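Heads up: the structure comes next, in structure tokens.
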Amino acid sequence: MIHNFNAGPSILPKTVFQQAAEAVINFNNSGLSILELGHRTPAFTEVMEEARSLVKELMHLNDDYEVLFLHGGASTQFMQVPMNLLDPKDTVAYADTGVWSSKAIKEAKLFGKVEIACSSKDKNYSYIPNDFAIPNDSKYFHITTNNTIYGTQWQSIPKTSNVLVADMSSDIFSRELNFNDFGLIYAGAQKNMGPAGVNLVVVDSNILGKVKHPIPTIMDYRNHIAEGSMLNTPPVFAVYVCLLTLRWLKELGGVKEIEKLNIKKATLLYNEIDRNEIFETSVNPADRSKMNVCFATKNKAHEKLFLDFAASNGIIGIQGHRLSGAFRASLYNALPLSSVEVLVDLMKNFEQSVV
Ligand SMILES: *Cc1c(COP(=O)(O)O)cnc(C)c1O
């Protein structure tokens, strides 16, 4: 039995893999593979339309919002967002809460003047800043809702009159938020939604069309909206797998239900880290991520011992990111509670065996 705690690409529901595998051979009993269909055939345009409308439904988005599935990773959006929303003289504000935020900031600087409204870099990104001001003239304010590498998460979304832009790559569809408070949300698919290679972009169409500089055709969100997210050949297979995951989520009761499960999983693991003599976490308690749980052994000598012990019991992917230390257990939507129970039991057994 394997328990997949990978940070990304990461676990998806088994039924999604089975349906996706079937579609590679014989899509909807058409005798054709999903990989050999024309993307403008009704068979595929229905896939795209259902995926887009499921996103609107699951996020309770009002009619101002457009849903796009675009090529690339979240890293592409680091550039595409400011390209669509900023002119060179404009000011924009970013929250610097980790590696992905800083990468987004670097790209935004190519398009306008970036103000760092707040940063948690002083303490190795172990917390979420809570006392800061956003310059009034900022075209938008950008946050990374969940910091995949450092294991912090904005528990509530800052109130602001500025347009709010969020990178939700690693907590999209994991919890309820008022998504209508955002001007633009983007997420690479491979953490909680589908395979690598496609981005979800949710945008309030009212914020577009305000910049004066030309935007390359394929980079302009408005062109993608006009073409129903089919401006050019979309990443058809990735979009189809996203659709399967969205159907799975809807079937389960939607974001509200998965959030309950995610709270259970994260609570179970954090409680054990706090209780166990061997382990600790440096993440500020109020800011702990429910998606990526970062922790370490108090005694460095225990680190490899526990990794080996966990690996020999089917635990995959808990080795931490090189920047944030020993372990990271990613608890994305498709990870069952039973996998967290196995990990917690191993932590207890390990404690028994070394003290
Ligand atoms: C993984 C990740 C990214 C980068 O995604 P790519 O698809 O590799 O470009 C960006 N932001 C966050 C929050 C992530 O977790």
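Both counts, for ligands and for their atoms, begin at 1 and track the order of listing. Computed over heavy atoms, backbone and side chain alike; hydrogens, waters and symmetry mates excluded. Fair warning: this is a prediction, and the values are worked out from it, not measured in the lab.
Of the options Tyr140, Phe78, Phe132, a ring pair (Phe, Tyr, Trp, His ring centres under 6.0 Å) to Tyr94 is made by Tyr140 and by none of the others.
Salt-bridge annotation for Asp87 and Lys210: absent, with no side-chain N of the basic residue lying under 4.0 Å from a carboxylate O of the acidic one. For Glu303 and Lys300, the salt-bridge test passes: some basic side-chain N is under 4.0 Å from an acidic carboxylate O.
Defined by atom type and a distance below 3.5 Å, a donor-acceptor pair is missing between the side-chain atoms of Asp167 and Thr144.
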Would you tabulate the polar-atom pairs, meaning N/O of ligand 1 against N/O of the protein, with distances under 3.5 Å, reported to 0.1 Å?
from	atom 1	to	atom 2	distance (Å)
ligand 1	7 (O)	Ala74	N	3.3
ligand 1	7 (O)	Gln190	NE2	2.8
ligand 1	9 (O)	Ala74	N	3.2
ligand 1	9 (O)	Ser75	N	2.9
ligand 1	9 (O)	Ser75	OG	2.5
ligand 1	11 (N)	Asp167	OD2	2.6
ligand 1	15 (O)	Thr148	OG1	2.5
ligand 1	15 (O)	Lys191	NZ	2.6

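Distance check: Ile258 CD1 to Ile263 CD1 gives 11.5 Å after rounding to the nearest 0.5 Å. Here the straight-line distance linking atom OH of Tyr221 with atom CD1 of Ile215 works out to 9.5 Å at 0.5 Å rounding.
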